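Heads up: the structure comes next, in structure tokens.
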Amino acid sequence: MLEYKADFIVEYNETQKSTLKRTDVDWSQSKIIFVSPSFTDFQKQSSNFKDLAIELWEIKQFENDIVIINPLKKSKSAPSIKQVQQNNDSELSKVTKEIKVYTEEDQLQGKNDNVKELYETFRDAILLLSADIEVQPKKWYIAFKGQKHIADIEIQKNKLKLWINAKKGTLEDGKGITRDVSNLGHAGNGDYEISISDTKYLEYIMSLIKQII
């Protein structure tokens, strides 16, 4: 795909209603998703690298048209793929140079201690809302996902921007601290944006996020 980008763009444009240019696509965020009813232990171990853009999804069908979708999580102690790369000219090296898998450390790099502490406080509070919520760092923000996409946080110089992934008119915000960004370009997902510079509304913001979990 990375070597024949133009072919993928042609395929997309011929099969979809919208059209793309090669420059419209952030190729550094490409990923491969393998889908199967099950995976072997070897396959799970082979993809268990924190910075390898490969995901395994188990999908099983049962009676009454019930389908269970289970993305397999990488272990918290997953190593870096760079630790096992031996040949810089290998196909794997070429791919890992072009594709970037982001981490919390990437997003926090260069930020001051106050904003780091503020992020960690809100991150921990969101994770306490439900046991199945995961942190998924992206290029421009850090996503929080459970059964669905819940919220995103962008770490700025002296504050955080938080987006709650809900459509306009579906969230009850009695204090009026959210901003309607439904018609504005923004990095995160959802129509509700909150600028955060302290923990004054921490509990209240958590109550807003709870509404969509």
Side-chain angles (χ1 to χ4, degrees), residues 1-2 4-5 7-20 24-79 81 92 95-96 99-104 123 125-153 162-172 182 186-192 206 208-213:
M1 180 185 70
L2 297 176
Y4 300 98
K5 295 172 183 174
D7 295 318
F8 277 83
I9 293 297
V10 170
E11 180 68 22
Y12 179 92
N13 291 340
E14 289 181 348
T15 57
Q16 304 300 315
K17 294 180 179 179
S18 59
T19 57
L20 288 174
D24 292 334
V25 179
D26 185 355
W27 299 96
S28 72
Q29 294 301 281
S30 304
K31 69 170 63 173
I32 298 172
I33 299 177
F34 288 101
V35 179
S36 174
S38 63
F39 295 95
T40 66
D41 288 340
F42 176 77
Q43 290 168 332
K44 294 176 183 177
Q45 293 171 5
S46 297
S47 63
N48 189 38
F49 295 93
K50 63 182 181 181
D51 50 358
L52 184 63
I54 292 178
E55 297 180 4
L56 306 182
W57 289 58
E58 287 185 342
I59 299 185
K60 298 182 180 181
Q61 184 173 3
F62 299 91
E63 295 180 355
N64 300 320
D65 294 327
I66 296 175
V67 176
I68 303 297
I69 303 174
N70 178 37
L72 301 184
K73 302 176 183 177
K74 298 179 187 287
S75 66
K76 292 183 178 179
S77 59
I81 190 65
L92 179 59
V95 170
T96 54
I99 294 179
K100 172 67 175 177
V101 179
Y102 290 89
T103 65
E104 283 184 286
R123 175 199 62 194
I126 293 173
L127 293 178
L128 286 174
L129 295 177
S130 176
D132 67 348
I133 296 178
E134 290 185 340
V135 178
Q136 296 186 10
K138 305 296 182 181
K139 185 174 184 178
W140 303 112
Y141 56 82
I142 297 175
F144 295 84
K145 298 183 179 182
Q147 295 297 321
K148 60 181 181 179
H149 197 138
I150 298 167
D152 302 312
I153 293 179
L162 183 146
W163 294 277
I164 299 176
N165 192 20
K167 292 293 184 182
K168 178 182 177 181
T170 61
L171 208 64
E172 294 184 12
S182 57
H186 55 284
N189 296 272
D191 294 341
Y192 293 90
M206 292 307 109
L208 296 177
I209 296 174
K210 276 184 181 179
Q211 293 182 34
I212 67 166
I213 295 178

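Here, residue 1 is the first one in the sequence, and each next residue gets the next number. This is a predicted model, so every value here is computed, not measured. Only heavy atoms go into these numbers, but all of them, side chains included; no hydrogens, no water, no symmetry mates.
Using a 4.5 Å heavy-atom cutoff, the side chains of L72 and W57 are not in contact. Residues R123 and I153 have side chains not in contact (no heavy-atom distance under 4.5 Å, counting atoms from C-beta outward).
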Show me the side-chain donor-acceptor pairs of residues 28-36 shorter than 3.5 Å, one per line, residues at least two apart or across chains.
unit_1: S28; atom_1: OG; unit_2: D26; atom_2: OD1; d: 2.6
unit_1: Q29; atom_1: NE2; unit_2: K100; atom_2: O; d: 3.0
unit_1: S30; atom_1: OG; unit_2: W27; atom_2: O; d: 2.7
unit_1: K31; atom_1: NZ; unit_2: E55; atom_2: OE2; d: 2.8
unit_1: S36; atom_1: OG; unit_2: S38; atom_2: N; d: 3.3
unit_1: S36; atom_1: OG; unit_2: S38; atom_2: O; d: 2.7

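Here the closest non-hydrogen pair linking K60 and P37 is CE-O, 2.9 Å. Here the closest non-hydrogen pair linking I133 and I126 is CD1-O, 3.3 Å. Of all heavy-atom pairs spanning K44 and L56, the tightest one is CA-CD1, 3.8 Å. The shortest heavy-atom contact between V67 and Q61 is CG2-CG, 4.2 Å. In this structure, V101 and K50 approach most closely via the heavy-atom pair CG1-O, 3.3 Å. Closest of all the heavy-atom pairs between A166 and I212 is CB-CG2, 3.8 Å.
Note: H149 and Y141 have tilted aromatic rings, judged against thresholds of 30 and 60 degrees for the angle between ring planes.
To the nearest 0.5 Å, the span separating CG on L171 from CG on D191 amounts to 10.0 Å. The distance from the CG atom of D51 to the CD1 atom of I99 is 11.5 Å, given to the nearest 0.5 Å. Taken from CH2 in W163 to CG in N189, the straight-line distance is 9.5 Å, to the nearest 0.5 Å. I150 contributes atom CD1, which lies 10.0 Å from atom CG of D152 (distance to the nearest 0.5 angstrom). Rounding to the nearest 0.5 Å places CG of N165 at 8.0 Å from NZ of K148. Note that CD of E172 and CG of L208 are 10.0 Å apart. Values are rounded to the nearest 0.5 Å.
The local environment of NZ in K210 is sparse, with at most 12 non-hydrogen atoms from other residues, nucleotides or ligands closer than 6.0 Å. In this structure, F8 places its CZ atom where only 12 or fewer heavy-atom neighbours from other residues, nucleotides or ligands lie under 6.0 Å away. Under a cut-off of 6.0 angstrom, the local environment of CD in Q147 is sparse, with at most 12 non-hydrogen atoms contributed by other residues, nucleotides or ligands. Atom NZ of K168 has 12 or fewer neighbouring heavy atoms from other residues, nucleotides or ligands inside a 6.0 Å radius. Counting non-hydrogen atoms of neighbouring residues, nucleotides and ligands closer than 6.0 angstrom, the OH atom of Y4 reaches no more than 12 such neighbours.
When atom types are taken as modelled, the side chain of Y192 and the backbone of G169 share a donor-acceptor pair closer than 3.5 angstrom. Looking only at distances, no side-chain donor or acceptor of K74 sits under 3.5 Å from a matching main-chain atom of N48.
Under the rule for a salt bridge (Lys or Arg N to Asp or Glu O under 4.0 Å), K167 has no partner lying at least two apart in sequence or in another chain.
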